[in-house]
Undergrad: 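I'd like to ask some things about the structure below.
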Amino acid sequence: MARVVKVFRTLRNHWKKSTFAVCVLSYGGYWLYGKHCDNVLRREACLVAREFGRQQISPGERLKKATVILNPAACKGKANNLFEKNAAPILHLAGVEITVVKTDYEGQAKKLIELMEQTDMLIVAGGDGTVQEVITGLLRRQDHDKFSNVPIGFIPLGSRNSLSPSLHLLSDNKVKDITSATLSILKGDTVPLDVLQIKGEKEQPVFALMGLRWGAFRDVAATISKYWYLGPLKTNAAHWFRTLKEWPLVQDISVSYLAPTLRPPDLPLHKPPRPNLLYRIIYRLKNYWNPPVEEPPKVEEPERWEEKQLSTVELFIQTHNKNPVERRLNDSLMICTEPDNLTVGEFITVGKKKEEDPTVFTKNSTKLEASVCRLELPEGTSGFYNIDNEEYEAMPVEVRLLPRKLSFFISAERREQLISQTE
């Protein structure tokens, strides 16, 4: 008992040191527990991948080849370590022959993809910028029709991963997100995604999966990091300071667009069995003695462009890839513009919501569906577009929808969740 009293007396007399020690031990314990949980997630994912690796293949069958485009600079330089720890062991255990290609500078992925040889699957390990560069390089190839059929996997290693919510179930654990995304590639379930082709007057086309953003909210979002010292108030402060410099933040733009096209019926997943020989003989004799009447060729109607003059705070041209499994009647892109009569308070409130999700728009916003659109900016307009969160100089551009152009791997759980949202 005397020993216990002595311990408590010592703690009371040195309460500052005792408090500091408790804080350090608590944080250390929490950190060790987190590391243990991450190791458990890695072990479970490797056990699942090992089952894929144990599957037998025929003597003439070869291993699947995967080309990995890895951006080591993603996630503030941590991407290479994250990939080697969490994704690479899963791919090796599954028996996939992988070729890892690391980028050294911005824009290199476009050039590497243009030189890529035939592969069974393409894996993008990085963030929004890496994905945007890869699909741009892929669709700039002369044989892009052939390579568009190669399924693409996305491993979210960047600080911004806008495509991830469309393909994977997200969590607060980075290791879980990476391992689950890698396992979805092994399971082989794919979904077609729309692509936007964005072409200026002289530049080569750029391709995007999410959309093109332009306006005051985009400009403010690019400056939020400068106010890091304000902590959780930095987003509101950035929008408020912008209104002090200039108000109203309304810009004029001319939008010309074509109406959306009807979506053709989806092809059956399984090829129907071939009819028997007798049925095929009867069918050919019938067509020989009574040939079907040929329909006259359809006369193509001239394109009907519609033009609108808009005054807006924000313009966003986006795909429907936020929910890629949703059934739609038309193949279209969405042109969304915010109203020009927002108050300062509304500008700050809406800006905070857009920082979390740029696709959120107010009730009074204008939304148009189109298959192709052209943006004409007033003379002297300067600024930048955000194309899949990558900055490009603002200029007159044509944005064309390429419906269901690329196939991406999707987790079965996320597919079911998205289907339930549409019902």
Side-chain angles (χ1 to χ4, degrees), residues 64-75 77-88 90-91 94 96-141 144 147-168 170 174 177-196 206-211 319 321 324 387-390 402 405-411 414:
K64 288 186 177 180
K65 293 183 178 181
T67 302
V68 180
I69 305 298
L70 172 62
N71 179 13
C75 196
K78 301 177 183 177
N80 187 63
N81 188 38
L82 289 172
F83 177 80
E84 294 295 338
K85 276 190 174 182
N86 305 299
I90 296 174
L91 295 172
V96 179
E97 183 182 342
I98 65 173
T99 302
V100 180
V101 181
K102 298 181 182 180
T103 59
D104 296 325
Y105 54 87
E106 185 177 352
Q108 188 184 19
K110 299 176 187 176
K111 300 177 181 179
L112 293 174
I113 290 298
E114 291 177 2
L115 301 174
M116 182 183 67
E117 298 180 353
Q118 185 63 39
T119 183
D120 295 319
M121 64 181 77
L122 179 62
I123 300 175
V124 184
D128 287 345
T130 313
V131 176
Q132 197 259 337
E133 287 187 16
V134 167
I135 65 169
T136 297
L138 184 68
L139 296 177
R140 282 180 181 176
R141 294 178 61 114
H144 63 85
F147 276 83
S148 296
N149 298 323
V150 176
I152 304 174
F154 176 50
I155 300 177
L157 300 180
S159 53
R160 282 183 174 269
N161 306 295
S162 302
L163 188 62
S164 236
S166 304
L167 304 175
H168 314 126
L170 299 184
K174 188 79 172 177
D177 292 342
I178 296 172
T179 54
S180 62
T182 310
L183 288 175
S184 68
I185 295 172
L186 301 180
K187 293 175 182 177
D189 193 7
T190 61
V191 64
L193 295 185
D194 297 338
V195 178
L196 295 181
V206 174
F207 298 88
L209 291 171
M210 303 310 294
T319 64
N321 289 339
I387 301 178
D388 281 4
N389 288 321
E390 291 295 301
L402 307 178
K405 184 66 175 177
L406 299 175
S407 295
F408 274 73
F409 291 104
I410 185 175
S411 69
R414 183 54 176 161

Undergrad: Is the backbone of L122 close enough, under 3.5 Å, to the side chain of T119 for a donor and an acceptor to pair up by distance?
TA: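 Checking the backbone N and O of L122 against the side chain of T119, no donor-acceptor pair under 3.5 Å is found.
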Undergrad: If we only count heavy atoms from C-beta on, is the T319 to L193 side-chain gap below 4.5 Å?
TA: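 A side-chain contact under 4.5 Å is absent here.
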Undergrad: Which atom names give the shortest non-hydrogen contact between P156 and A181, and what distance separates them?
TA: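 For P156 and A181, the tightest heavy-atom pair comes out as CD-CB, 3.7 Å.
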Undergrad: NZ of K187 to OG of S180: how many Å apart, nearest 0.5 Å?
TA: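 Reported to 0.5 Å precision, the distance equals 9.0 Å.
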Undergrad: Where do G137 and I113 come nearest, in terms of heavy atoms and distance?
TA: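 Of all heavy-atom pairs spanning G137 and I113, the closest is C-CG2, 3.5 Å.
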Undergrad: For a side chain to side chain contact (heavy atoms under 4.5 Å, CB included) with M210, tell me which candidate from L196, N389, D128, L163 qualifies.
TA: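 It is L163, the one option of L196, N389, D128, L163 that forms the side chain to side chain contact (heavy atoms under 4.5 Å, CB included) with M210.
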Undergrad: Mark yes or no for whether T136, through its side chain, and F207, through its backbone, hold a donor-acceptor pair below 3.5 Å.
TA: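 Side chain of T136 to backbone of F207: a pair is present.
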Undergrad: Provide the closest heavy-atom pair for A79 versus L157 in the form atom of the first, atom of the second, distance.
TA: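 Distance-wise, the nearest heavy atoms are O-CD1, 3.7 Å.
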Undergrad: Using a 3.5 Å distance criterion without hydrogens, assess whether the side chain of D388 forms a donor-acceptor pair with backbone atoms of G211.
TA: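 The answer is yes, because a donor-acceptor pair under 3.5 Å joins these two groups.
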Undergrad: Specify the closest pair of heavy atoms between N321 and D194, including all atoms of both residues, with the distance to one decimal.
TA: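 Smallest heavy-atom distance, with atoms named: ND2-O, 2.8 Å.
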Undergrad: Between atom CG of L209 and atom OG of S162, what is the distance when rounded to the nearest 0.5 Å?
TA: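 Reported to 0.5 Å precision, the distance equals 10.0 Å.
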Undergrad: Check the pair V100, T67 against side chain to side chain contact (heavy atoms under 4.5 Å, CB included), reporting the backbone distance first and the verdict last.
TA: CA-CA 6 Å; V100 180; T67 302; over 6 Å; no
Undergrad: Can you check whether G158's main-chain N or O pairs, donor with acceptor, with N161's side chain at less than 3.5 Å?
TA: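 It does hold such a pair.
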Undergrad: Quick check: does any side chain N or O of R160 sit under 3.5 Å from a backbone N or O of G127, one acting as donor and the other as acceptor?
TA: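 Here the side-chain-to-backbone pair does not exist.
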Undergrad: I'd like to check I152 versus S407 (side-chain heavy atoms, cut-off strictly below 4.5 Å). Are they in contact?
TA: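 They are not in side-chain contact.
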Undergrad: Would you name the heavy atoms of T103 and L112 that are closest together and state the gap between them?
TA: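 Looks like CG2-CD1, 4.1 Å.
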Undergrad: Main chain of H168, side chain of S411: is a donor-acceptor contact present, judged purely on distance under 3.5 Å?
TA: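 Flag not set: sc S411 to bb H168 has no pair under 3.5 Å.
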Undergrad: Begin with the C-alpha distance, continue with both residues' side-chain angles, and end with the deciding distance and a verdict on side chain to side chain contact (heavy atoms under 4.5 Å, CB included) for M121 and F409.
TA: CA-CA 10 Å; M121 64 181 77; F409 291 104; 4.2 Å; yes
Undergrad: Carefully, step by step, assess V101 and V68 under the rule side chain to side chain contact (heavy atoms under 4.5 Å, CB included).
TA: CA-CA 6 Å; V101 181; V68 180; over 6 Å; no
Undergrad: Drop me the distance from D189's CG to S184's OG, to the nearest 0.5 angstrom.
TA: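 Interatomic distance, D189 CG to S184 OG, rounded to 0.5 Å: 9.0 Å.
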Undergrad: Just wondering, do L167 and F154 contact through their side chains at under 4.5 Å, heavy atoms?
TA: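 In contact.
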Undergrad: Could you check T182 against L91 for side chain to side chain contact (heavy atoms under 4.5 Å, CB included), going step by step and ending with a plain yes or no?
TA: CA-CA 8 Å; T182 310; L91 295 172; 3.8 Å; yes
Undergrad: By side chain to side chain contact (heavy atoms under 4.5 Å, CB included), which residues pair with K405, not counting sequence neighbours?
TA: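 Scan of K405 (side chain to side chain contact (heavy atoms under 4.5 Å, CB included), adjacent residues dropped) gives L139, H144, D145, S148, V195, L402.
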Undergrad: Between the side chain of Q108 and the main-chain N/O of D104, is any donor-acceptor distance below 3.5 Å?
TA: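 Side chain of Q108 to backbone of D104: a pair is present.
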Undergrad: Does a sphere of radius 6.0 Å around NZ in K174 hold more than 12 heavy atoms from other residues, nucleotides or ligands, not counting ones at 6.0 Å or beyond?
TA: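 Buried by this count: over 12 neighbours within 6.0 Å.
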Undergrad: Atom CZ of residue position R140 - does it have more than 12 heavy atoms of other residues, nucleotides or ligands inside 6.0 Å?
TA: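 Atom CZ in R140 is packed in, count exceeds 12.
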Undergrad: Mind checking side chain to side chain contact (heavy atoms under 4.5 Å, CB included) for E133 and listing every partner two or more places apart, or none if nothing turns up?
TA: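 Result, side chain to side chain contact (heavy atoms under 4.5 Å, CB included) vs E133: E106, A109, K110.
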Undergrad: Applying the side chain to side chain contact (heavy atoms under 4.5 Å, CB included) criterion to I155, which one of L70, I185, I90, T179 satisfies it?
TA: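 Single side chain to side chain contact (heavy atoms under 4.5 Å, CB included) partner of I155 among L70, I185, I90, T179: I185.
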Undergrad: May I ask you to check whether over 12 heavy atoms, not counting those of E117, lie within 6.0 Å of atom CD?
TA: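 For E117, atom CD is not crowded (no more than 12 foreign heavy atoms under 6.0 Å).
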Undergrad: What's the separation between atom CG in L138 and atom CE in M116, rounded to the nearest 0.5 Å?
TA: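 Output value for this atom pair is 6.0 Å.
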Undergrad: Are any non-hydrogen side-chain atoms of P324 and S166 less than 4.5 angstrom apart?
TA: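 SC-SC contact between P324 and S166 confirmed.
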Undergrad: Looking only at non-hydrogen atoms, find the nearest pair between K102 and P72 and report the distance.
TA: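 Taking every non-hydrogen atom into account, CB-CG, 4.0 Å.
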